Amino acid sequence: MDYQFKQIEQQWQKFWAENETFKVEVDVNKPKYYVLDMFPYPSGAGLHVGHPLGYIASDIFARYKRLKGFNVLHPMGYDSFGLPAEQYAIQTGQHPAKTTETNINRYRQQLDNLGFSFDWSKEVRTSSPDYYKWTQWIFMQLFNSWYNLDTNQAEHISTLIEKLETIPAQEINAVCDEDVQHLLPSDWSTLSGEEKQAELLKYRLTYLRESTVNWCAALGTVLANDEVKDGFSERGGFPVEQKKMMQWSMRISAYAERLLQGLNHIDWPEPLKEMQRNWIGKSVGAMVKFSLIPNPSPKEKGAQENTKLGYETANSPFWDLLKENSKENRKNATDAELVLWQKLRDSQTGFKIRRQHVIEGFIADFVCLSKGLVIEVDGGYHSKTEALEYDKQRTEFLNQAGFEVIRFSNEEVINQTDKVVSDIKEKLERLTSKSGAPSPLERAGGEAIEVFTTRVDTIYGVSFLVIAPEHELVAQITTPAQQADIDAYIAQTKKKSELDRMADTKTVSGAFTGSYALNPLDGTKVPVWIADYVLAGYGTGAVMAVPSGDQRDYLFAKHFNLPIIQILDAQQIEEQADPTKEGKYINSGVINGLGYKEASVKIVEELKEVGMGYGKINYRMRDAIFGRQRYWGEPVPVYFKPARSAGGNGLPYLIDESELPLLLPEVDKYLPTESGEPPLARAKDWKYKDEYEYELSTMPGWAGSSWYWYRYMDAKNDLAFADEKAISYWKDVDLYIGGSEHATGHLLYSRFWNKFLKDLGHVTEEEPFKKLINQGMIQGRSNFVYRINDAEGKGTNSFVSNGLKSEYQTTALHVDVNIVVNDILDIDKFKASREEYANAEFILENAKYICGTEVEKMSKSKFNVISPDDLVERYGADTLRMYEMFLGPLEQSKPWNTNGIEGVFKFLRKFWRLFHDENWNFTVSDAEPTKAELKSLHKIIKKVEDDVERFSFNTSVSSFMIAVNELTDLKCKNRAILQDLVVTLSSYAPHICEELWVLLGNKAGTLSYAAYPTFNPAHLVENEFNYPVSINGKTKTNVNLPLSMEVAEVEKYILESEIITKYLDGKAPKKIIVVKGRIINIVA
RNA sequence: GCUGAAAUGGUGGAACUGGUAGACACGCAGGACUUAAAAUCCUGUUCCCGUUAAGGGAGUGCGGGUUCGAUUCCCGCUUUCAGUACCA
């Protein structure tokens, strides 16, 4: 029978599924190999021809490794939480679980069609409760952990508590928030349970903190940095703005150095590693303090105690917002305030308390300045999210200014006045014990500007400082004379959108604060400016400007007429800044005459000595925001206590481990509530212990994908995310194939979680993915027809072939690539495709309509989507698998072009024919293989081994063609040869090979675990070689010589041969180069 | 701007440590089979000169260099793609 791919492929796919041919178990007697694909997000569009590229490559590799005797784990699953399903749910009202299920079924069918050797018994879906139970569990471990820099690993939070109980907090070497309190063990012991929780949150590896987030209003959620591209959301392309919000974050910054170092030990593409290095953004430099020349002086600053002056200097950027909020929010609170004031006034508590006092732009209800305590009475507006936000923002600000804040609700003050007063008293008394702490006003003052620099050697070239307009010191250091300038500049900066600020890097702008700072080494007085080229979010939000060495500083100095100081003798600074480090220092105090290296060391020493600086490493990478205000994601296993109804501000607590999974509740709509809360706020009666609010955000898309490769090892386990035995056997992923679009998202977060799980002893390897390959993107290749326009430019019903279109006025229209073959339009199908084309006329060239082409993204709107299903239908899965590999190197991006698939199909047919006679009867012989046959076979055995090991799949396909062409020419029907060839080809074209394997008399299903044929180099040994002979490197002729001839003999032969007479007119050559078995080159 | 990758016939691409550039496949042209078409098979196919043939010349983005010999190594440039962006 002729090659019946359809029947063969269906039969074998069924066989593999029914017999679970590819199911694997832990087997300590066999070496393991873990081949992983980046699992797909099951979208409604289904797979296009680009998706399986990586899956085919990994499948070939997995099958090859099985033949080589490895125990191969090759699983597949679905990253099934995420935005598109939810957007679809919003539009149609269908539950995302339902559409996701439908999409997964379609994906599964498409994957099955291609004959992959996945072990489907290990399938995972991130949206299934028995999977996300463990995502939540890992979240809980993170919450219960802190990062100890002494041991350089994550530890359980209990070891932190032990430390807080025994040593001052300042001596704990932890990665934590900047605003941790400098507690002594005695302070810690007096804190209430709630206060302790609040403090611990600043150390936990996942924590709740107010941070600046990327808010996408159109999607109604925050986005991670890697989900934002050029100020727009990666999914959907909606605008993204910066906004302050209370958010869950992951303290990935704790792992910055390990994430960076780990890159040196893994086999990943260099560009990918480079991207991660850039993202982590390590810079080695120094922190340097520039003392502010008191302006206003500390004495004058003391005058801020005066309400009036304090109010006047309260010009923080938030001022307008504050004024409005405080007015509105306070209207109804006067009763409670009055009650409390009667109990606090005239030092009744033993401490001087002031009412309605302004601190740094905030009006505090009550404040005790000497103890640094602010007492706030909150009204009923409390339940509004905005107000909550505002309260948090204010608390943080006051904390930074050195004040503690306690809050009471109106109800508390009115109904339990005495308890409130005694609470305040108790608090005030406790605060007295902190005698050594700086006074709030001292702390609020800020007597120095701290900068981060990578060129500490240029410190003598500093001619001014620049701080970000958002910098907290701006308000304080601005002199009255400069106030107007600064206000105007801040207003102007705020108006600029993030995008404008990024785009416009040419315009120099800034404003002088009126204040000066002192260079810590030579005492030079330098002015302090603000400018938006300094970013608040990086380093300290302040830079020391060295115009001679930094181009931005140079332009700034030129623009505002500030001095430019040359600091190296080799520096060329007439036209622009010169950042080079060559030469000896001049104008540079203690480092004059030194070179870069010694100078840098010396400066840091000097700074340390005067206590004004120290060496420091900075990372660009920020902590990752870990919450989305969306429905379709993992619920965060956290509730807030005290409950809102009890008037508390609610601190986060974990639910009990035994209560996992915390199921995603049902909601009536997948939209935010009217008050702007996330969709989960719609869930009815969804409260922890019927009392406490749950967290309403869900986890981001990357949560489930950050550990999924472990679940595959033991996918059904109820007791752990995977059994210890499975983890210690499979260890890590040996080969990971996927797109480079995950470079800074998934691949960074996965490495982070892996390191964390290792620190806690749950897994064994520091890096999860030993070897990684990026498959290239497959672009679309669009076809066009050219409609002729009439004199008025209106479209007619005539179409002109591509080659003749220049003679007409035409409009190019996309035409469905599925009715075009080799760029020739199928005119009948075109006419049938739309009613308006039924009577279309065509101007042809060579009796054909040739379409134009262009490379574009593969998308429905461009009519260039090729579905693998169609190609499988027409040519079979084996042909498609081989053709996708044949297209070119796996890593390279290329446009899809179906032209050429015929060649692969013809090859498989020719291969099939090797086993059959002219009448398609299966025929093989048991004769001794000939030398030529063995040579062909062993060439391909070697070639495939080499190619697969270096992931060069395209070259193997060509070599298979050559082998089959050769064996066809040799009329080879030899069983021994053909059977080995079947094994060799089976990882590429498994269906046809299974069929032939059985026809050859082997047991069905055993091919997958057969042994790869052993390469015998003896079969490739030749006696003779046809030497190319070149004159001066240009090949002229060939000469056939025995390989036994030594170099000298060959030379002698050449000298005496007619080649010399023919090409050199008999003249003696200058030199003859002979490389045995390679070439002969005659130098004339 | 910076970082990284790449550039070879009409097309996809091959040439692994410097050693016959264009394997393999598509497309195209010619031929066989056929009443005809499709399918299949055979031959040719880097470009230029040479009517054919023999033969000669050029040639791996561009310009140089190293070497007996360079698609491969070195220097400079151009273009394309990707990432990143005032990171101090």
Side-chain angles (χ1 to χ4, degrees), chain A residues 229-230 269-279 281-283 285 451-456 458 466 501-506 508 531-535 537-546 549-553 555-556 579 618-621 740-741 743-744 774 776-777 779 781 822-824 846 853 883 886-889 891-904 906-907 909 943 946-947 950 952 954-965 1026-1038 1069-1075 1077-1084:
Chain A
K229 292 267 177 297
D230 302 326
E270 201 47 48
L272 189 71
K273 291 206 240 182
E274 198 61 28
M275 270 190 243
Q276 292 213 345
R277 283 192 194 105
N278 289 340
W279 190 261
K282 180 180 184 176
S283 42
V451 303
F452 176 73
T453 175
T454 53
R455 285 297 300 276
V456 74
T458 63
V466 188
R501 224 169 128 167
M502 278 200 296
D504 181 19
T505 60
K506 294 266 148 52
V508 178
D532 62 9
Y533 81 84
V534 175
L535 305 176
Y538 185 75
T540 61
V543 302
M544 57 179 226
V546 184
D550 182 289
Q551 186 60 18
R552 288 158 311 168
D553 297 344
L555 291 173
F556 197 86
N618 226 347
Y619 298 93
R620 190 178 80 110
M621 183 168 66
S740 60
E741 65 271 22
T744 49
N774 283 133
M777 274 220 304
Q779 296 138 303
R781 187 173 181 278
N822 285 332
D823 297 333
I824 297 164
N846 301 329
T853 65
Y883 183 61
F886 185 62
L887 274 178
E891 301 91 329
Q892 234 166 67
S893 287
K894 56 227 152 198
W896 177 265
N897 190 347
T898 311
N899 301 355
I901 195 168
E902 298 264 356
V904 175
K906 275 192 226 165
F907 153 74
R909 198 156 169 262
K943 180 72 177 159
D946 291 352
D947 284 354
R950 65 189 169 105
S952 173
N954 56 325
T955 49
S956 304
V957 179
S958 300
S959 305
F960 278 123
M961 290 175 173
I962 293 169
V964 167
N965 287 347
N1026 195 20
Y1027 281 95
V1029 180
S1030 47
I1031 316 285
N1032 295 331
K1034 274 276 163 198
T1035 310
K1036 295 290 175 187
T1037 183
N1038 285 58
K1070 286 192 187 127
K1071 198 176 174 188
I1072 294 181
I1073 285 121
V1074 177
V1075 182
R1078 288 258 189 209
I1079 51 109
I1080 297 164
N1081 189 19
I1082 301 166
V1083 186

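Below, read A as the first sequence line, B as the second, and so on, with proteins coming before strands; counting in each chain starts at 1. Any value given below was found using the heavy atoms of this structure, including those in side chains, with hydrogens, waters and symmetry copies removed. Predicted, not measured: the structure shown is a model, and the values here were computed from it.
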Original post:
Along nucleotides 29-34 of chain B, 5' to 3', which nucleotides get a B, which get an S, and which get a -, given that the test is a protein heavy-atom distance under 4.0 Å?
Top reply: ------
Interface polar pairs with nucleotides 10-14 of chain B, N/O, under 3.5 angstrom:
unit_1	atom_1	unit_2	atom_2	d
G12(B)	O2'	Leu887(A)	O	2.6
G13(B)	O5'	Leu887(A)	O	3.4
G13(B)	O3'	Asn954(A)	ND2	3.4
A14(B)	OP1	Asn954(A)	ND2	2.9

Subject >> Comparing Ser959(A) and Thr454(A) on RNA chain B - which has the more 5′ nearest nucleotide >> reply: Ser959(A)
Original post:
What is the pairing partner of U20(B), taking Watson-Crick or G-U wobble pairs with both distances under 3.5 Å in any strand?
Top reply: none
Original post:
Using purine N1 to pyrimidine N3 plus N6-O4 or O6-N4 for Watson-Crick, or N1-O2 and O6-N3 for G-U wobble, each under 3.5 Å, what pairs with A5(B)?
Top reply: U80(B)
Distances under 3.5 Å between protein N/O atoms and the N/O atoms of nucleotides 65-74 of chain B, please, pair by pair.
unit_1	atom_1	unit_2	atom_2	d
C68(B)	O2'	Asn1081(A)	ND2	3.1
C68(B)	O2	Asn1081(A)	ND2	2.7

Taking side-chain hydrogen bond (donor to acceptor under 3.5 Å, both in side chains) as the definition, give me every residue that meets it alongside [X], ordered by chain and number, with sequence neighbours left out.
X: Ser283(A); value: Tyr538(A)
X: Asn618(A); value: none
X: Tyr883(A); value: none
X: Glu274(A); value: Arg277(A)

Original post:
Taking it one step at a time, do Lys894(A) and Leu887(A) satisfy side chain to side chain contact (heavy atoms under 4.5 Å, CB included)?
Top reply: CA-CA 8 Å; Lys894(A) 56 227 152 198; Leu887(A) 274 178; 4.3 Å; yes
Original post:
Listed by chain and number, what are the side chain to side chain contact (heavy atoms under 4.5 Å, CB included) partners of Pro269(A), not counting sequence neighbours?
Top reply: Pro271(A), Leu272(A), Leu772(A), Asn774(A)
For nucleotides 59-64 of chain B, give me every protein contact, N/O to N/O, under 3.5 Å, one pair per line with atom names.
none

**OP:** Could you list the residues that satisfy ring pair (Phe, Tyr, Trp, His ring centres under 6.0 Å) with Phe907(A), not counting sequence neighbours?
**Re:** none
Original post:
With sequence neighbours excluded, what pairs up with Phe886(A) under the ring pair (Phe, Tyr, Trp, His ring centres under 6.0 Å) test?
Top reply: none
Original post:
Who pairs with Lys943(A) by salt bridge (charged side-chain N to carboxylate O under 4.0 Å, His left out), at least two apart in sequence or on another chain?
Top reply: Asp947(A)
